[in-house]
Amino acid sequence: MSAQARVISLSLALTGLAAAALWTAVRSGGPVHTPISIPWWGFALGFLATEALVFHIEIRQEAHSFSLSELPLVIGFFFASPWSVIAGRLVAHLLYRTLIKRQTPLKLAFNLSSFAAETAVALFIFHTLSNGDPPTAPHSWLAILVAILVADALSVFSVTAAIQWHGGDARVLTVMLTAAVTAAVNSSLSVLAAIVLWESPWAMVLFAMVAVALALAYRGYASLRQRYSSLQLLYDFTKLVGASVTAEAVMDEVLGEARKLLRAERAEVFLLDEETGACRHHFRSEDTDASTGPLVPSDPPAGLESTLVWEDVVGRRRPVVIANSSRTQSYADFLEKVAAKDAIVAPLLAEGRVVGAIMVANRMGNVGSFDHEDLQLFATLANHASVAFENGRLVDQLRREADERRYEALHDSLTGLANRTLFLQRVGEMGTARARGDQNLAAVMLMDLDRFKEVNDTLGHHNGDLLLREVANRIVATLRQEDTVARLGGDEFAILLPRLNSVDQALSSAQRIVGALQKSFSLNELSVDVGASIGIAISPADGDDAATLLQRADVAMYEAKGAGHPVMLYSPERDNYSPKRLTMAAELRQALADGDIVVYHQPKARLSDGMIIGTEALVRWRHPTQGLIGPDEFIPLAEQTGLIEPLTFFVLKSALEQCRQWNDAGHDINVAVNLSVRSLLDPDLSSRVEALLAETGVPGSHLTLEITESGVMADPDQAIALLERLAATGVKLSVDDFGTGYSSLSYLRRLPVHEVKVDRSFVFRMATDPSDATIVQSIIELGHNLGLRTVAEGVEDQISWELLRGMGCDVAQGYLLSKPIPAQALTRWMDDVHRASFSSVEPTPEVATYEPAVAKTSECPGVPALASIR
Ligand code: C2E
Ligand code: CA
Ligand code: CA
């Protein structure tokens, strides 16, 4: 049966009941003798007045309303026929409910039948029990009370049934209880009125006046109270909202209040997702050592929704208290999920919907836990909290803020790309996928722009930002949906390409990015070109974790920059930071301390007469397991680790000491020491060199410092200033590897140098390659034009020697004379050269190896050539 049909049949039943009761009541005859008789319309007026004058009263946070409808009814018991009473009441209700409340016909019919039944039953019971006694007889009072209680019970039951059939929530017992209390009070009042009317009808005027005054006073009080309590609420929360700009701050206040009120360590709010209903946001306010902690948004605890407590709170809208003594499994389960020892949880409602839950946890102090009284208090507070969220508006705002915060925490605000955190997270997820058996390759790429700093400096930050945004767009456009592009900061971008079939796929993605960035960017009508360098690390080959992959992509990117290639794959062999290199750095430090770093010398001879006029000090590392290691393998490492400084001074000192010994032994020899780029940035260099010269007693003119052009170009102004100071000490300066670097003539002119060394790569080939010979020739001429001495290194054969001499080159250095060898070996060799003479030329073929170099020197290096040259 539908709800409607049920209500209709209930109405019909009530009407039947009313008719039957009325018939019996009428037959019993009504009041016996009465001083006055009130007409039906008198009752109509009376009932109308009580309908209009409904009282609202709040009992234990619940609003109840009641009327004085018993008053005309009780008067009717004594002063009118049952007909008049029932007719008056029905007319009054009909008028009131159609004209004022505009009820639907069904509801109206139901209400009228219910009133009719109620009134008729009351009349029937009264007349049956009272035996026509006057209102002054206590016997009548009992009859009145019984009649009214039964009538009220009937009304409560019928109304409750109707509400429940319509899906409402009616609690019979509380309503019944309130109704009984009201009935007793109202009955007493009504009896008083009836007595007054019975004894002296005019006194009724006085009674009415008192009653009306009381009623008005009460209504005034009630509405004032209502207004006051809602004002109080409003005041409290507007104060909160007013003082705190964000919804989060309101939440913070509410949680703080909850913690204080319930003496709890923690207060938390869980907010549901509007669409899915899943628990999405979690805010936590905690009592830390610094009294109140800030509101901490975090991910909701996992598995919360599957607990029975959650179902109770969110599903059934019931607050739940869990004392720490409670042993129930479902409670323990919940406590474990939220990591608390005890808790109270209550639903948070907005516009009648559950939007989340509020919880306090961990009662402070050692004794006691939360109990049912706390539960009541907390439920009220939860209601207030719901009000504070202004019917959901603030909850929405809070959700939005939390989403925004989450977004901001993971994204770059300028480009909208992922940020480092999100990027690392994604790479981490990829690692987890692999652990679960994902066999695919992935690539982590690191990219930076080649000329971004220039754009920023010359066109301003605004244009720099525009450029970065456009770069971000172009990168994203070349990639797949599943790829992640992140801006790590500045002009540095990182890209994750998951699920690749081959390394080539990563390379072609990188090429596509480079291609996309090659097209000019237009910034405020200006056309700007920026290149990019990309380093790629492949997972799992180059690593599994985000840190390693990023670091290796970084190494590859710097290599790409150095090599001038736009895209470079990571290669462990070239990685300065690979574990092998790091161990080497530690070993190198140790080697310096242990004396495993040694200085070899390679002689330089004057081309005009073959005289040994100097040596170049070249450093070697006698590695305990790897044998002799050449400088190309550890100088870069020393430069990166800061070891270059002690290394340079070790070589300088050892070379000067050796020079002193040679000079003392009668060899008028100059020693040359190589300076690294780093040394040229050391402002103390010249004073330290001076100190070493003084210490060893070597005149400045016997020391040559070899610098490279790239070393000077790193910071020309500072380098030139430093070189000038060095030159002032009498030290000779030589430009090493000339012809390979920038070859900037203008700088060469500005530098206070004395010598250029033609790079050995030209010298090697000059005997066979005419164009190399031309280069060597022009360098020599250039040097001479600038008033510099010219040195050719890498002279390996007799033909080169002759050619160089023909070109007017001043000095030669190379295997033809000798490989670099230890100082004592060189001393012996020089002594031999001065004594011996040989007839054949036999250049040593193993040019680049170091170990043979030591062994072969004793077998006499390029000495024969020298002899024949002379
Ligand atoms: P460099 O200054 O150009 O040194 C000359 C290099 O050419 C030396 O290599 C030397 O052994 C090699 N060489 C000389 N003659 C010939 C030849 O006829 N044929 C061939 N194939 N090679 C020849 P080495 O000793 O391996 O040094 C390499 C580089 O390491 C040096 O290039 C220099 O830049 C750097 N270096 C060496 N010692 C030091 C040092 O104490 N401090 C610094 N900062 N750098 C050093
Ligand atoms: Ca050199
Ligand atoms: Ca050189």
Side-chain angles (χ1 to χ4, degrees), residues 588 592 597-605 614-621 628-640 643-656 658 670-682 685 703-711 732-741 753 755-767 776 779 790-801 804 811-822 826 843-854 856-857 861-862 865-866:
L588 180 60
L592 257 172
I597 299 297
V598 292
V599 178
Y600 277 30
H601 288 263
Q602 188 179 32
K604 292 176 180 172
T615 70
E616 178 176 2
L618 294 159
V619 71
R620 302 286 181 268
W621 177 1
L628 204 62
I629 302 179
D632 287 336
E633 276 184 67
F634 62 86
I635 293 290
L637 181 68
E639 284 175 334
Q640 284 152 13
L643 284 171
I644 191 67
E645 196 198 294
L647 187 87
T648 303
F649 284 96
F650 171 77
V651 176
L652 257 174
K653 189 162 193 250
S654 131
L656 285 173
Q658 189 56 53
N670 168 296
V671 287
V673 172
N674 294 283
L675 289 187
S676 123
V677 183
R678 286 291 204 91
S679 309
L680 288 177
L681 300 174
D682 178 2
L685 184 73
L703 176 65
T704 299
L705 294 176
E706 298 190 3
I707 51 167
T708 59
E709 283 172 284
S710 50
K732 302 273 174 268
L733 297 173
S734 171
V735 180
D736 204 353
D737 303 343
F738 196 83
T740 55
V753 293
E755 179 185 285
V756 273
K757 289 184 84 173
V758 185
D759 190 70
R760 59 186 188 268
S761 60
F762 305 113
V763 180
F764 288 153
R765 294 185 301 254
M766 63 182 292
V776 173
I779 294 174
T790 52
V791 181
E793 63 179 3
V795 182
E796 290 188 352
D797 52 54
Q798 196 72 48
I799 306 167
S800 303
W801 176 279
L804 287 163
V811 179
Q813 175 188 350
Y815 291 177
L816 178 67
L817 290 162
S818 167
K819 286 186 172 182
I821 50 174
L826 187 63
T844 35
E846 313 84 339
V847 287
T849 50
Y850 286 92
E851 278 144 315
V854 190
K856 293 245 171 76
T857 42
L866 196 67

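Because the structure is predicted, anything quoted here is derived from the model rather than measured. As the structure lists them, so they are numbered: ligands from 1, and atoms in each ligand from 1.
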Does some side-chain heavy atom of [Y] sit less than 4.5 Å from a side-chain heavy atom of [X]?
X	Y	answer
Tyr600	Leu826	no
Gln602	Leu618	yes
Leu647	Trp621	no
Leu656	Val673	no

> Between the side chain of Asp759 and the main-chain N/O of Phe762, is any donor-acceptor distance below 3.5 Å?
Replying inline: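 No; zero donor-acceptor contacts below 3.5 Å.
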> Which protein N, O or S atoms lie under 3.0 Å from the Ca ion (ligand 3), given by chain and residue number?
Replying inline: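 Protein N/O/S atoms under 3.0 Å of the Ca ion (ligand 3): Asp736 OD1, Asp737 OD1, Glu793 OE1, Glu793 OE2.
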> With a 4.0 Å heavy-atom cut-off (strictly under), which part of Leu647 contacts ligand 1: side chain, backbone, both or neither?
Replying inline: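 For Leu647, no heavy atom sits under 4.0 Å from ligand 1.
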> Does Lys757 approach ligand 1 within less than 4.0 angstrom via side chain, backbone, both or neither, non-hydrogen atoms only?
Replying inline: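 The answer is neither.
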To the closest 0.5 Å, what do you measure between [atom1] ([X]) and [atom2] ([Y])?
X	Y	atom1	atom2	value
Lys732	Glu755	NZ	CD	10.0 Å
Leu675	Leu685	CG	CG	6.0 Å
Leu643	Thr648	CG	OG1	10.5 Å
Arg620	Phe634	CZ	CZ	7.5 Å

>> Taking the basic N atoms (NZ, or NE/NH1/NH2) and the acidic carboxylate oxygens, is any pair closer than 4.0 Å for Glu706 and Lys604?
In response: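 Yes, this pair counts.
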Please list, in number order, the atoms of ligand 1 under 4.0 Å from a heavy atom of [X].
X	answer
Asp737	3 (O)
Arg620	11 (O), 25 (O)
Asp632	28 (C), 29 (C), 30 (O)
Val651	41 (O)
Ser676	44 (N)
Pro631	24 (P), 25 (O), 26 (O), 27 (O), 28 (C), 30 (O), 36 (N), 37 (C)
Pro820	11 (O)

>> Heavy-atom contact check, 4.0 Å cutoff: does Tyr600 meet ligand 1?
In response: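 It does not; every heavy atom stays at 4.0 Å or beyond.
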> Can you tell me if Gly794 has a non-hydrogen atom under 4.0 Å from ligand 1?
Replying inline: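 Contact check Gly794 vs ligand 1: positive.
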>> Taking the cut-offs as 6.0 angstrom to the six-membered ring centre and 45 degrees off its axis, would you call Lys653 and Phe649 a cation-pi pair?
In response: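 Checked: cation-pi criterion not met.
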>> Considering Gln813, Lys604, Lys819, Glu796 one by one, which has a heavy atom nearer to atom 19 (N) of ligand 1 than any of the others?
In response: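 Heavy atom nearest to atom 19 (N) of ligand 1 belongs to Glu796.
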> Of the listed options (Glu616, Arg760, Glu793), which comes nearest to atom 12 (C) of ligand 1 when hydrogens are ignored and any heavy atom counts?
Replying inline: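 Heavy atom nearest to atom 12 (C) of ligand 1 belongs to Arg760.
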> What closest approach, in Å, do Ala617 and Asn674 show between heavy atoms, and which atom pair accounts for it?
Replying inline: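 Result for this residue pair: O-ND2, 3.5 Å.
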>> As a test of understanding, state which of Val791, Val811, Val776, Thr790 forms a side chain to side chain contact (heavy atoms under 4.5 Å, CB included) with Leu804.
In response: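 It is Val776, the one option of Val791, Val811, Val776, Thr790 that forms the side chain to side chain contact (heavy atoms under 4.5 Å, CB included) with Leu804.
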> Taking the N/O/S atoms of Glu616 one by one, which is nearest to the Ca ion (ligand 2)?
Replying inline: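 Relative to the Ca ion (ligand 2), the closest nitrogen, oxygen or sulfur of Glu616 carries the name OE2.
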> Strictly under 3.0 Å, is any N, O or S atom of Ser734 next to the Ca ion (ligand 2)?
Replying inline: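 For Ser734, the answer is no, given that no N, O or S atom comes within less than 3.0 Å of the Ca ion (ligand 2).
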